[in-house]
Every structure is written in structure tokens, then in C-alpha cells.
A.B. asks: 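Have a look at this one before I ask anything.
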Amino acid sequence: MEDFLKDLNEQQKQAVLATEGPVLIIAGAGSGKTRTLTYRIAYLINKQIAKPSEILAVTFTNKAAREMKERLQTLLGNQVIPLWMGTFHSVCARILRIEAEKIGLSRNFTIYDVDDSVRALRKILSSKGLSPQKFNPKVVQNRISRLKNQFILPENLLEQEFEDEYDEVVAEVYKAYQAFLKQNHALDFDDLLIRPIQVFDEYPEIKTKYNNKFRYILVDEYQDTNHAQYLLLKRLLNPQKNLCVVGDEDQSIYGWRGADIQNILNFNRDFPQAKVFKLEENYRSHSNILKAANAVVKNNKSRLGKNLWTKKADGPKIRLVIAEDEVDEARKVVEIIHDEMYTYKRSFKDIAILYRTNAQSRALEDQLRRNAISYNIIGGVKFYDRKEIKDVLAYLKVLVNPADSVSLRRIINFPLRGIGETTVNKIERFAEIEHITLFDALGRVDEVANISATMGNRVKQFHEMMVKFMALKDELNAVELASTLVSEAGIMHHYQTEYDQYESESRIENIKELFTTMDQFAHERQKENRESDLAAFLEEVSLLTDIDTWNESSNAVTLMTLHSAKGLEFPVVCITGLEMGLMPLQRSSADLEELEEERRLFYVGMTRAMESLYLTYANRRRRYNSGTFNTPSVFLDEIPGELIEYRSKKRGSRSTGAVKKRRTAREKKLEAYFHNNDDNQDRGDEFFVGQKVYHETFGKGQILQLEGSGEKMKITVHFFRDDITKKLIKKFANLSPLEE
DNA sequence: CAGCTGTATCTTTTT
DNA sequence: GATACAGCTG
């Protein structure tokens with residue numbers, strides 16, 4: 001054990017040894033952050049400073065937790081280590097499950113994802129007679145989520161003075177939404193964080209229990225914590241305040257989700273006695289990559305500042321690849337892959353292709369398929385978002401929590417059994433009057449007015465089937481229960497007889513895969529001596545992150561968003577779509593803070609690369625219906641010219657120079673083309689992209705896109721007040737330019 | 001009530 | 001270019 005401290009550099013060792021009191025570890029990209037955290041935990045256990053059960057370690061993804069546990073086991077000699085390790089959300093769910101009875105919560109609560117929340121909100125909005133045009137359920141969901149992240153509860157909100165009608169409606173809907181969740185024994189993602197805070201405030205004995213239990217708390221990726229998570233941490237801390245947070249302000253990329261970069265920037269102010277350690281030696285990347293990344297992120301103002309360095313060689317220059325459009329870009333990515341494979345003997349799994357938006361994966365996938373390059377795609381249409389999987393899960397959710405009316409509505413007429421919307425609404429009204437759940441009302445369908453005998457029988461049949469399976473819940477294990485249910489409810493039959501044979505097969509495959517996953521889950525949980533029932537499985541599934549389902553062992557090129565790439569590394573990284581409007585995104589370009597976050601995102605992408613980094617952009621790109629013409633990302637200009645070289649189409653003929661300093665003939669031609677086009681669009685018009693404008697009804701906004709010309713020109717404007725984007729015809733819009 | 005068809009809206013990133 | 005929803009028909 002003494003020995004293993006030799007694996008650490010001086011700063012890392014200091015960070016491991018400073019076990020007492022608050023500690024901030026500023027860990028640059030690739031500086032051995034995970035290693036330091038793991039060794040710190042191993043040290044605490046090995047020196048018997050803490051028992052494993054007294055340690056809480058919060059990670060950003062479940063995958064990170066899994067990997068850290070494995071490394072810990074290796075370090076400590078293969079014992080099973082019963083410590084709490086997981087994401088904020090899963091740790092909170094675990095606490096809530098344990099304390100459920102004391103705090104008047106059903107132990108079998110359901111976790112609603114964003115989709116479920118939006119469904120619930122749509123219903124609430126319509127019951128209040130609010131038009132979904134004006135009050136978009138998604139926007140309302142977003143607002144409510146923001147409020148929850150700030151730990152602003154409906155009761156605090158209702159006392160306030162409102163600036164506009166929108167806020168007023170959101171406050172009212174928020175309150176109704178919380179009541180709805182309560183009725184359904186459901187919590188949304190944000191509630192998972194908020195409820196424990198409330199519980200700790202309301203029940204001091206529960207707070208004390210966890211204060212005594214968790215004597216040592218560690219938090220990874222601290223730069224991406226939100227205010228609610230911060231408040232939760234404050235409550236978990238006992239007077240010794242043995243809190244160790246690890247983070248890198250340059251990698252804070254979740255501000256849009258409510259993450260507060262100030263948490264890390266102000267750690268010293270929160271804990272004046274905190275010890276601060278900086279890990280600045282990078283073990284991952286060639287020097288050129290690091291220099292380029294440093295030069296980019298240096299342009300940000302919101303940072304503590306650090307100087308990441310490496311002992312590694314310069315390595316190849318960063319290769320810039322210019323494509324004509326997204327198809328050409330994808331072809332060039334294929335060339336890069338071939339090049340790296342033949343010249344440097346890489347395998348598929350050494351290579352990652354990163355992009356800003358999931359939509360960009362399509363063109364890339366097409367070309368990879370054509371060239372028989374196997375690939376793994378992370379995010380996008382997720383396994384657990386597939387219709388057939390959601391259907392099966394909805395059945396299981398109802399079995400576990402019959403009060404969950406969102407899931408119940410999803411399955412009551414799937415597969416079709418002749419129970420339509422009208423009937424369900426009648427029964428629901430009855431349930432409201434009787435103050436019972438929708439599910440229980442199904443059993444009393446005879447008492448509901450205006451329902452025919454045939455219809456009543458259908459409803460009763462469904463209800464009886466579900467009741468039967470609920471009774472079986474304790475006799476069968478999760479997989480047995482699920483597979484029996486899937487065949488008896490007619491789901492299997494429904495998909496087997498689907499017209500599209502290919503579709504049908506893949507759906508059945510997916511359902512089978514779900515069962516396999518359930519099985520694996522049960523085994524893993526049993527090893528740790530934790531519960532493995534259906535409720536536990538559903539909770540696990542609800543809280544999976546994109547990266548958690550990634551099969552790392554397969555030899556395939558990896559495709560994912562820049563966000564998903566955080567924490568990973570690859571010998572070869574290719575960042576695509578480096579154009580204005582896409583990276584940075586149009587709507588994040590105007591606001592300084594948002595622009596800095598985009599820059600950090602680019603920085604995260606660059607620092608994933610160990611040996612080779614390729615950057616690509618396309619002069620033209622199809623974006624849903626229309627094409628756009630693009631200029632290179634401003635971030636490319638921030639890379640010093642001597643670190644970058646053009647990679648032209650012909651292998652071996654490479655020219656050097658900064659982005660705008662030297663151009664090939666084709667480049668010049670493309671640029672000329674671009675400028676001409678620009679001129680055509682702009683000539684005689686007073687509007688341009690990025691311009692601030694004013695509209696009679698919508699107020700102030702900013703132009704995102706211009707299409708066509710003259711009176712018929714279509715202008716896409718994002719209006720700030722209502723956070724809406726509208727496409728307007730110039731002739732009718734009556735927009736006036738704002739001077740700024 | 002089921003099933004079909006046309007249209008609107010979306011795409012920024014995700015626990 | 002997909003998906004969800006409204007509106008229609010049988």
C-alpha cells in the first residue's frame with residue numbers, strides 16, 4: 001500500500017494525503033484525476049481512516065462509478081467494497097428509497113423522464129385551457145426544471161411579484177404539476193435532488209444519520225454541479241467537512257442544464273480553510289495538441305487559470321480538413337480513418353468522431369456503412385427510447401407503481417384492445433370524484449356512467465390481468481415476470497405480426513436484449529448484496545446516461561457528441577462541423593457566457609486526443625429543409641498557425657499555415673463562391689444574421705437565419721422575452737433594426 | 001373506436 | 001426527414 005503512492009506525482013500524492021477538511025483538486029484534462037480520486041479512497045480505507053461504508057463518492061456517470069469501483073477492487077485486493085458510489089441522481093434515489101416510509105413517499109415511486117414530464121404538463125396545460133401554442137409544454141418543462149435546479153419551490157414562487165403573464169402561468173402550472181407527480185407517486189429528475197434537501201430540513205434525525213454515516217465525501221466533475229446539488233452537499237457535510245471536490249472549470253459544459261460554474265470558482269469563498277491542489281501535468285496528449293487546446297481556452301475570462309504541460313513529444317500537427325458539404329466531410333473522415341489504419345496501424349476502436357449535435361451523425365453513419373467501417377454510436381436514438389422498450393417498461397412500471405397514470409395511459413390500449421381515449425377520460429373523471437387512482441377506477445368500471453357492457457368487460461379484463469401479474473411480483477423474478485407479461489399481454493404477438501418484417505424482427509430482438517440486461521443487472525446487484533427487484537431495475541434504467549450503455553470492448557469507431565466525450569480519451573480524435581453557427585452554435589454566439597461554454601466544449605473535444613487530432617468543417621451544410629453556407633469557426637483562428645496544417649485530399653501533399661493564412665486554389669474558389677452568395681443575399685437588404693431587431697408583438701430578438709431575398713425573404717428570429725423562435729416573411733413582419 | 005393521412009415542428013447539448 | 005398530433009372516414 002505504501003508502495004502505490006509511488007504511482008503518483010507530487011501534487012497527486014499531496015491531494016491523496018490531505019484527507020481532513022475541505023479540499024479542492026483542480027485537475028486539468030488528462031492529469032490523472034480518476035487515478036488520484038481512486039487512490040485517495042483506497043488510502044482512506046487502507047489506513048483505516050474510514051470504513052468503506054463511511055465514504056460517499058459522487059461521479060458524473062454510472063460508467064465512471066463502475067470503473068472506479070473496479071480499480072479500487074484491484075488496489076485493495078479484490079474484496080467487494082461496500083461504499084456508496086454513483087451519480088447524484090442515483091445516490092439521491094437510493095436515499096429516498098431507504099427513507100420513503102418515514103417521509104410519506106411510496107417506496108415504489110416511479111422516476112419520470114423528460115418525456116413523461118412533458119406528457120404530464122401537456123395534460124395539465126390543456127385542463128387549464130391554456131393553448132399549447134402559447135405555452136409550449138417543452139418550454140414550460142424547461143422553466144420548471146430550471147426553477148427546481150435553483151431550489152425554487154412553487155410556494156416560494158407564488159409569493160413573488162411576476163414580471164409577466166408567462167411567469168405567472170409557469171408558477172401556477174408548476175404547482176399543479178407537483179400535485180400531479182405526488183398523485184402518481186412519481187418524481188422527476190430534478191425532484192430526486194430536491195426531495196432529499198427537503199427531507200434533511202424537515203427531519204433533522206435523518207440528516208444527522210447521514211451526517212454521521214458519510215464521514216468522507218468526494219465529488220468528481222464538480223464544475224458541472226448545479227445549485228440544488230450544492231445545497232444537498234452542504235447538508236450532507238458534518239462539522240468535520242471532509243469534502244474533496246475534483247474539477248476543471250475549463251471543462252464546465254453543462255451550464256444550459258443549470259450547472260453553476262460558480263460552485264467551483266467560489267469554492268475557496270465557501271470554505272476559506274480549503275486546501276487547493278492543482279494537477280497540471282498532462283499524461284494523455286502529445287504536446288502540439290495540448291498547446292493548441294491551451295491557446296484556445298486561454299481566451300475565456302471565467303476561469304481560475306492553470307498551465308497544462310506534458311513531457312510528451314510534439315507529435316503530429318493538428319490536421320485541418322476542409323470539405324464542401326456534410327457528405328464530403330464524411331468521406332474525408334473515412335479517408336482519415338483509412339489513413340490512420342494503414343499508416344499508423346490503428347484499429348477502429350482507437351478512433352473517435354465527435355460532433356456538436358446528434359443530427360450530424362447521419363451523414364457520417366452513411367459513409368461509414370458504405371465503407372464497411374464498424375462503428376458505435378452513443379446517444380441519439382437511445383435503446384431505452386425505442387418504442388417497444390418504452391412499452392414494455394411502461395407495463396413494468398405500472399406493476400411496480402399502479403398509481404403511475406402516465407405509464408398506465410401508455411399501455412391501456414396497447415396492444416389495441418378497443419379501449420379508446422373517450423373511455424379512459426370517463427374513467428379518469430370517476431377516479432377524480434372518488435379520490436382513487438385511475439388504476440383502481442378500472443376495477444370499478446361498472447360504477448362509471450355511460451360505459452357499455454362490452455367496453456366494461458374489456459376494461460375489466462385488462463385490469464384483472466394486471467392485478468394477476470402484481471400478485472406474481474413476489475413469486476417470479478424480474479425476468480420471468482417480464483417475459484410472461486410480454487407474451488400474455490399480447491406485446492410479442494403484436495410485434496410478430498407487424499407488416500414490416502425487418503422492423504418486427506429488430507423489435508423482438510430489442511425486447512429480448514432488455515431481458516438479458518435485466519438478468520445481468522440482477523447478478524451484479526446480488527454480488528453487492530443489494531436489492532435486485534423490478535423497482536430497482538426500473539430505477540437503474542431511468543438513471544442511465546448515454547455513455548453507460550457503451551460497449552467499449554467492441555472494435556469499432558466511436559461516434560458521439562462533444563458532451564458525451566467528457567472524461568474519455570482516444571489515440572485519434574476527429575472533431576467535425578467546426579463552423580460558425582454550429583460550433584459555436586448560432587444561439588450561443590451572442591451571449592459571452594454561452595460563447596465561453598462553447599469554447600470549453602471545443603476544448604474538451606481537443607483534449608480527448610492522445611496522438612492525432614483532426615478538425616473538419618464544411619463550407620455548405622444541409623440543416624433540415626434548407627442549406628446554409630458557413631464560415632470556419634472562430635475557435636479555429638485561436639489555434640496558433642504553427643501548430644496546424646491543412647490536410648488536402650491527395651495523400652502526402654500537405655501544406656502548412658494557419659487557418660486563414662494560406663489557402664489552396666480550391667479553397668479560394670470556394671471562398672469566392674461563398675462571398676458571392678453572401679453578396680446576393682445581402683444586397684439591398686438591411687438585415688443580416690446576428691442582427692438585433694424589434695417586433696411589435698414579440699419584442700426584441702436576434703436574426704438567426706435569412707432565406708431568399710427581397711420582399712419574400714424569410715427571416716428566422718429568436719425572440720428573447722418568450723424564448724421563442726419564429727420564421728417571418730419580411731413583407732409582413734414589420735421588423736425594425738435595433739442599433740447596438 | 002381504429003386507422004389513415006396531411007401538416008407542423010423540430011434539433012443544442014442530457015441526468 | 002421523423003415524429004407527433006389533429007382531423008377525417010368507415
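Each chain gets a letter, A, B and so on, in the order the sequences are listed, and its residues count up from 1. This is a predicted model, so every value here is computed, not measured. Heavy atoms only: backbone and side chains are in, while hydrogens, waters and symmetry mates are out.
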A.B. asks: Quick check on DNA chain B: between A:D190 and A:K138, whose nearest nucleotide comes earlier from the 5' end?
C.D. replies: A:K138
A.B. asks: Could you check how far NZ of A:K566 sits from P of B:dT14, rounded to whole Å?
C.D. replies: 12 Å
A.B. asks: Select base, sugar-phosphate, or nothing to describe what A:M560 touches, counting heavy atoms under 4.0 Å on all strands.
C.D. replies: nothing
A.B. asks: Classify the side chain of A:R356 versus the base of B:dT12 as yes if they form a donor-acceptor pair under 3.5 Å and no if they do not.
C.D. replies: yes
A.B. asks: Whole angstrom is fine here: how far is it from CG in A:D591 over to P in B:dT13?
C.D. replies: 19 Å
A.B. asks: Send over the distance from A:E593 CD to B:dT12 P, rounded to a whole Å.
C.D. replies: 20 Å
A.B. asks: Please check the phosphate of B:dT12 (OP1 and OP2 only) for any side-chain N or O of A:N358 closer than 4.0 Å.
C.D. replies: no
A.B. asks: Give a yes/no answer on whether the side chain of A:N149 brings an N or O atom under 4.0 Å of OP1 or OP2 in B:dT15.
C.D. replies: no
A.B. asks: Quick check for you: among B:dT14, B:dT15, C:dC5, whose closest atom lies nearest to any side-chain atom of A:H89?
C.D. replies: B:dT15
A.B. asks: Of all the nucleotides listed (B:dC10, B:dA2, B:dT13), which has the minimum atom distance to the side chain of A:N136?
C.D. replies: B:dC10
A.B. asks: Using centres under 5.5 Å plus planes under 30 degrees as the test, is A:Y254 stacked with B:dT14?
C.D. replies: no
A.B. asks: Nearest of B:dT14, C:dG1, B:dA2 to any side-chain atom of A:N413?
C.D. replies: B:dA2
A.B. asks: For a quick test of reading the model: is some side-chain N or O of A:T561 closer than 4.0 Å to OP1 or OP2 of B:dT12?
C.D. replies: no
A.B. asks: Would you indicate, yes or no, if B:dC1 has its OP1 or OP2 atom less than 4.0 angstrom from a side-chain nitrogen or oxygen of A:T422?
C.D. replies: yes
A.B. asks: Students often get this wrong, so: under 4.0 angstrom with heavy atoms, is A:T61 touching a base, only sugar-phosphate, or nothing?
C.D. replies: nothing
A.B. asks: Calculate, to the nearest 0.5 Å, the distance between atoms CH2 and CD belonging to A:W256 and A:E597 respectively.
C.D. replies: 8.5 Å
A.B. asks: Rounded to whole angstrom units, what separation is found between the CD atom of A:Q251 and the C1' atom of B:dT13?
C.D. replies: 16 Å
A.B. asks: Looking across every strand, which nucleic acid part, if any, lies under 4.0 Å from A:R119 by heavy atom: base, sugar-phosphate, or nothing?
C.D. replies: nothing
A.B. asks: Among B:dC10, B:dC1, B:dT12, which is the nearest nucleotide to the side chain of A:T423?
C.D. replies: B:dC1
A.B. asks: I need the CZ-P distance between A:R257 and B:dT15, as an integer number of Å.
C.D. replies: 6 Å
A.B. asks: Decide yes or no on side chain to side chain contact (heavy atoms under 4.5 Å, CB included) for A:I575 and A:L613, but give the supporting numbers first.
C.D. replies: CA-CA 8 Å; A:I575 307 178; A:L613 175 62; 4.2 Å; yes
A.B. asks: What nucleotide, of B:dT12, B:dC1, C:dG1, holds the atom closest to the side chain of A:R362?
C.D. replies: C:dG1
A.B. asks: Are a donor atom and an acceptor atom from the side chains of A:Y375 and A:E365 found within less than 3.5 Å of each other?
C.D. replies: yes
A.B. asks: Compute whether any side-chain donor of one residue and acceptor of the other, for A:N376 and A:T558, lie under 3.5 angstrom apart.
C.D. replies: no
A.B. asks: Tell me: CG of A:N142 to P of B:dT15, nearest whole Å?
C.D. replies: 15 Å
A.B. asks: Return the value, rounded to whole Å, for the distance between atom CG of A:L96 and atom P of B:dT15.
C.D. replies: 19 Å
A.B. asks: Ring-plane angle category for A:Y230 and A:H227, please: parallel below 30°, perpendicular beyond 60°, tilted otherwise.
C.D. replies: parallel
A.B. asks: Choosing from B:dT11, B:dT13, B:dT12, which nucleotide comes nearest the side chain of A:H563?
C.D. replies: B:dT13
A.B. asks: Indicate yes or no for a side-chain donor-acceptor contact from A:E329 to the backbone of A:T576 under 3.5 Å, with no hydrogens or angles considered.
C.D. replies: no
A.B. asks: For A:L354 and B:dT13, give me the distance from atom CG to atom C1', rounded to whole Å.
C.D. replies: 13 Å
A.B. asks: Base, sugar-phosphate, or nothing for A:I419, non-hydrogen atoms under 4.0 angstrom?
C.D. replies: sugar-phosphate
